[in-house]
2 protein chains.
Amino acid sequence: MKHLPHKTIARLSQYRRALLLCHAKGKTHIFSHEIAKILHITAVQVRRDIMLIGYTGTLRKGYNIKDLIDLIGRIIDSEEGINVSVIGVGNLGRAIVNYFSGRRTKLSIVACFDVDSNKIGKKTSGIEIFHIDDLQRIIEEKNIKIGIMTVPSEQAIDIAELLVKAGIKGILNYTPKPVNVPKDVFLEEYDMITSLEKVAFFVKTHD
Amino acid sequence: MKHLPHKTIARLSQYRRALLLCHAKGKTHIFSHEIAKILHITAVQVRRDIMLIGYTGTLRKGYNIKDLIDLIGRIIDSEEGINVSVIGVGNLGRAIVNYFSGRRTKLSIVACFDVDSNKIGKKTSGIEIFHIDDLQRIIEEKNIKIGIMTVPSEQAIDIAELLVKAGIKGILNYTPKPVNVPKDVFLEEYDMITSLEKVAFFVKTHD
DNA sequence: AAGATTTTGTTAATTATTTAACAGTGTTAA
DNA sequence: TTAACACTGTTAAATAATTAACAAAATCTT
């Protein structure tokens, strides 16, 4: 197992969630075409991804759900878990924190940051909100590895720089402003405006 | 100009936003490498995308910003504009509505939907909230073409079906639950959990 | 005015990703 | 027990997207 394609990683995460649901229902085995159906992709793709991670199912019974869940976990999770922080406690920041709170996973959101003095010291979905001035200190103290940026776009560049300086290893940028990070920091950017414009384009052309 | 790649469409949207900023600053021309720098991509890619839409800059002066903005508009916008609705007025739904409110664009969010009776009839960022039971009627009345799903994932399937039945042409699904739509409806799905797990994976492996 | 420089436009090469094809093999059924 | 079936695993082909390479031309420099 040398180099897993980015897309495969993303799908593994989705396979696992689907599998966890099946597992909860008491199902023990699953076929590639069943997984495919749930995620609306092709069975070949599922088999290929599973091949890439070196798992092998049993003929006629399909894949053992529990085993596959565990294997995906060993691949995409860190054994010790990874601490995450959210920078910018607006609607989007709150949505994300709320989303993740209460999940029993290897990823935990352990701190939020904002500049609004009304928010500092309070909690959102159980997670404490700190002032951005304390970002460096808290990130070190709490051993935070990932930062999710949900700040206004004008602040994106500065915050990204701050995160890098604080030693963060991965950034998820939900700001529509592209940021620049050294290549040892993994950066994932998602731009809602662009996504909507893309949908609009296809709606327009498919008319 | 036959078939623009999906990725190119997404980048055109980003080029335009960057160009609008430059335009606002009074800049009239821009080089491919300048655009590239802003978006952290390569100049070749910028030139190639611009070639694909059939625009041609002037040597040594680069691209005329105003012209390029207009051309991108003619490609990705609908002349009459497109009406959009948000289904699910939680934190994420509010974040999106708030994001788009006040943009002078061809895309307007014109209605929100929820089931919480405390929210019905109120407004969020100036947009009225209707009950989901009125979805079909409002979508027809207001000529809404796109639905942004920000409901809890258990409801995703039903809501998607409802939207399709109401005649929606494009769906942006922010639920972690994949949904199924007929192929004349354009579907874009984005899953925050998967994105975060992807970042975590690369943080883990790049360590 | 000649030559160097800068930048575009475009074709070709490369890389990444998906899809197709099919051999191999338990399992069921006759 | 033999044939049909329903799966997986894997290699090969096709498609999509990015990157490289370079000719052409406007501008600058000397």
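In the text below, chain A, chain B and the rest are named by the order of the sequence lines, each starting its count at 1.
For the pair Lys177(B) and Asp191(B), the salt-bridge criterion is not met [side-chain N within less than 4.0 Å of a carboxylate O]. Comment: Glu34(A) engages Lys27(A) in a salt bridge, judged by a side-chain N to carboxylate O separation of less than 4.0 angstrom.
DNA chain C is contacted by both Tyr63(B) and Thr8(A); Tyr63(B) maps to the nucleotide lying nearer its 5′ end (nearest heavy atom per residue). Between Lys7(A) and Val44(A), the residue whose closest nucleotide on DNA chain C is further toward the 5' end is Lys7(A).
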**OP:** Take Thr194(B) and Arg11(A) through the side-chain hydrogen bond (donor to acceptor under 3.5 Å, both in side chains) test and state the conclusion after the steps.
**Re:** CA-CA 8 Å; Thr194(B) 285; Arg11(A) 282 191 299 265; over 6 Å; no
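The number of heavy-atom neighbours closer than 6.0 Å to NE2 of His40(B), taken from other residues, nucleotides and ligands shown, is above 12.
Rounded to an integer number of Å, the gap from Asp49(B) CG to dA17(D) P is 11 Å. At whole-Å resolution of the value, CG in Leu4(B) and P in dA17(D) are 11 Å apart. Across the protein-nucleic acid pair, Gln45(A) atom CD and dT15(D) atom P stand 16 Å apart, rounded to whole Å. Between the P atom of dT18(D) and the NE2 atom of His6(A) lies a distance of 13 Å, rounded to the nearest Å. As a whole-Å value, the separation of His3(A) NE2 from dT15(C) P is 13 Å. Between the CZ atom of Arg48(A) and the P atom of dG9(D) there is a distance of 13 Å, given to the nearest Å. Note: CD1 (Ile53(B)) to C1' (dT10(C)) measures 16 Å, nearest angstrom. Between the OH atom of Tyr55(A) and the P atom of dG9(D) there is a distance of 9 Å, given to the nearest Å.
Without hydrogens or angle criteria, Glu189(A) side chain to Val179(A) main chain gives a donor-acceptor distance under 3.5 Å. Looking at Thr175(A), its side chain does come within 3.5 Å of a backbone N or O of Val151(A) through a donor-acceptor pair. In terms of modelled atom types and a separation under 3.5 Å, the side chain of Ser101(A) and the main chain of Asn98(A) share a donor-acceptor contact. Side chain of Lys145(B) to backbone of Ile139(B): no donor-acceptor contact under 3.5 angstrom is found.
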Enumerate all atom pairs, one protein N or O and one N or O from nucleotides 25-30 of chain D, separated by less than 3.5 Å.
none

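Applying a 4.0 Å cut-off to non-hydrogen atoms, none of the residues of residues 176-189 of chain A approaches DNA chain D. The stretch residues 25-43 of chain A comes close to DNA chain D through Phe31(A), Ser32(A), His33(A), each having a heavy atom under 4.0 Å from the strand. Residues from residues 66-73 of chain B that place a heavy atom under 4.0 Å from any atom of DNA chain D: there are none.
Between Tyr174(A) and Tyr190(A), the ring planes are perpendicular. Angles over 60° get that label, and only those under 30° would be called parallel. In this structure, Tyr63(B) and Tyr55(B) have tilted ring planes: the angle between them lies in the 30° to 60° band.
Looking at heavy-atom distances under 4.0 Å, Thr56(B) makes contact with sugar-phosphate atoms alone, never a base.
Residues Val86(B) and Thr150(B) form a side-chain contact, since some pair of their non-hydrogen atoms from C-beta on lies under 4.5 Å apart.
Heavy-atom minimum distance, Tyr15(B) versus Ile41(B): OH-CD1, 3.6 Å.
Among dC22(D), dA21(C), dT18(C), the nucleotide with an atom closest to any side-chain atom of Arg47(B) is dC22(D).
Each salt bridge (Lys or Arg N to Asp or Glu O under 4.0 Å) pair with one or both residues in residues 153-174 of chain B, not counting sequence neighbours, would appear here, but there are none. Among residues at least two apart or in separate chains, salt bridge (Lys or Arg N to Asp or Glu O under 4.0 Å) pairs with a member in residues 70-88 of chain A are Arg16(A)-Asp77(A), Lys66(A)-Asp70(A).
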